[in-house]
A.B. asks: 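To start, I am sharing the structure in question, which I have written as structure tokens.
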2 protein chains.
Amino acid sequence: MFEARLLNSAIFKKVLDAIKDLLNEGSFDCSDSGIQLQAMDNSHVSLVSLNLKSDGFDKYRCDRNLILGMNLASLAKVFKSSGEGDTVTIKAQDDADTVSFMFEAKKQDKISDYEMKLMNLDQEHLGIPDTEFSCIIKMPSAEYARIIRDLSQFGESIVISCTKEGVKFSASGDIGTGNVKLAQTINFDKEEDSVVIDMQEPVTLTFACQYLNSFAKATPLSNQVTLSMCDNVPLVVEYEIPDLGYLRYYLAPKIEEDEN
Amino acid sequence: MFEARLLNSAIFKKVLDAIKDLLNEGSFDCSDSGIQLQAMDNSHVSLVSLNLKSDGFDKYRCDRNLILGMNLASLAKVFKSSGEGDTVTIKAQDDADTVSFMFEAKKQDKISDYEMKLMNLDQEHLGIPDTEFSCIIKMPSAEYARIIRDLSQFGESIVISCTKEGVKFSASGDIGTGNVKLAQTINFDKEEDSVVIDMQEPVTLTFACQYLNSFAKATPLSNQVTLSMCDNVPLVVEYEIPDLGYLRYYLAPKIEEDEN
DNA sequence: TTATCCCGGA
DNA sequence: TCCGGGATAA
């Protein structure tokens, strides 16, 4: 059987909020080492990769590898009905076609349990190559979300350009042009406010706003976000989930349109 | 003439919010002992019973019994325009076809008064029998509202089942099944957080979510709600209005569907 | 408990 | 694009 227990169900809530706009369904791959989910988004443009390691759970048991296919909207509803500090326990029998969620309120004698039918989803196996990146930018996640949101007003795509001076986000369209430049900033007092740029080679890539914005839904998961870029390779937007793993999004750059 | 004065008009606001979704109009029955309103909801499924005793008012005078028929949406608009701590005075002449509301702001020299036309509504007289109940559950009203809301995601009806172990709310539908169990909890520090179950006989009844949710609009009136159940008898959901009376909702259980 | 902000629905 | 409801913070 499979059983995973987490003292703070809010983390799951946030994970679901961060992926349910991109994915209608998800196959959670459960093994001894933890829970993985990898899938192309509904429009088959970007890729979501979630990794929750077993050590991060307060209790974890997985006798046999199993794949739990679930409708993410339904799953989000289940988690929405959990209270703030609830403990959640997820259970599935090895050959079962349902999964159960039990929420225990901390302060109260209240136990809620939900049972959901599992779905049989196609397994697309996605090989994600390990890449060396030219630039790795670590910055406050709220800052990232804000910049993407603001620049989305100006155009459909955003150019991210990283040099040794810093990182520049640009968008342009009918209204005009917007540029936001961030220089490396090490803030020792508030480490999460730092902007750290690790650049081997300068790089300039263009991405579709829509996806960058969707990725920003993961903001509540972490104070910081990491953007990894390299020419002709998908951008990686990573949110670390404290003590538990990470959520990564992959998005291929737009091919430069030479409009002249 | 009729005159009733209440130092805190917010109570009326809350009462109106709690009934205006269920009732388009209401006949307020004014007598020496206070104000009553009893009516079937618009779809003639549930019943609303409001009782405000004259002692609870800061001034109360009712020379002759009279019935004030009002459109509740309009009445809610009138009260919505009252400020936070306003004092309200309701007046009607014995044979008048209008009712007047005067709001006095506490801190300010501001007096607003509104006059509304009365309506001639059919008097349906509703006998509500006094029943002995098998189970009486007293619980935090916010908790009740939350549970009903959460479970409404899963189905159109909710099963409430009370045993000596506690009370269980359940719903099921396409997404799956949800159960919320509450055990009796006496909290001496915060009495309003207690869950108190007074059970003579275990009972399990099914109700339409829609109405249970409507009843929950009364949550701001009181920290606690009382659910009284008995086989083949309408559920009573009662909110006590501190120092003034109560608001009760009655809803007949769904007949068990034996789908086999 | 109330006021504010954010998100989802119409 | 506007409005209402829910969640959250003070």
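Just so we're clear, the structure is a prediction, and the values are computed from it rather than from any experiment. Residue numbers start from 1 in every chain, and the chains themselves are labelled A, B, ... in the order their sequence lines are given, proteins ahead of strands.
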A.B. asks: Distances under 3.5 Å between protein N/O atoms and the N/O atoms of nucleotides 1-4 of chain C, please, pair by pair.
C.D. replies:
from	atom 1	to	atom 2	distance (Å)
dT1(C)	OP1	N223(B)	OD1	2.9
dT1(C)	OP2	N223(B)	OD1	3.3

A.B. asks: Could you go through nucleotides 6-10 of chain C and list every protein N or O atom that sits under 3.5 Å from one of its N or O atoms, giving the distance for each pair?
C.D. replies:
none

A.B. asks: Applying salt bridge (Lys or Arg N to Asp or Glu O under 4.0 Å), which residue pairs with at least one partner in residues 147-158 of chain A are found, sequence neighbours left out?
C.D. replies: R146(A)-D150(A)
A.B. asks: What are the bounds, 5' to 3', of the part of DNA chain D that sits under 4.0 Å from heavy atoms of chain B?
C.D. replies: dG6(D) to dA7(D)
A.B. asks: With side chain to side chain contact (heavy atoms under 4.5 Å, CB included) as the test, would you mind laying out the steps for L244(A) and F57(A) before giving the verdict?
C.D. replies: CA-CA 7 Å; L244(A) 194 59; F57(A) 288 87; 4.0 Å; yes
A.B. asks: Within the side chain of E192(A), is there an N or O that forms a donor-acceptor pair under 3.5 Å with the backbone of S141(A)?
C.D. replies: no
A.B. asks: For T89(A), enumerate each residue passing the side chain to side chain donor-acceptor pair (under 3.5 Å) test, keeping only those at least two apart in sequence or located in another chain.
C.D. replies: R5(A)
A.B. asks: Name each donor-acceptor pair under 3.5 Å that joins a side chain in residues 170-181 of chain B to protein atoms two or more places apart or in another chain, with its distance.
C.D. replies:
from	atom 1	to	atom 2	distance (Å)
S170(B)	OG	N179(B)	OD1	2.8
N179(B)	ND2	D113(A)	OD1	3.2

A.B. asks: Test F207(A) against every option in L235(A), I148(A), I158(A), V159(A) by the side chain to side chain contact (heavy atoms under 4.5 Å, CB included) rule and name the one that passes.
C.D. replies: L235(A)
A.B. asks: Give the ring-plane orientation class for Y249(B) versus F215(B), where under 30° counts as parallel, over 60° as perpendicular and anything between as tilted.
C.D. replies: parallel
A.B. asks: Should the pair K110(A)-E104(A) be classified as a salt bridge under the 4.0 Å nitrogen-to-oxygen rule?
C.D. replies: no
A.B. asks: Could you tell me whether E3(A) and K59(A) have a side-chain N and a carboxylate O separated by less than 4.0 Å?
C.D. replies: yes
A.B. asks: Go through it in stages, so that I can follow the logic: the residues are F12(A) and F79(A), the test is ring-ring contact (aromatic ring centres under 6.0 Å, His included), and I'd like the CA-CA distance, side-chain angles, deciding distance and then a yes or no.
C.D. replies: CA-CA 7 Å; F12(A) 259 104; F79(A) 274 87; 5.3 Å; yes
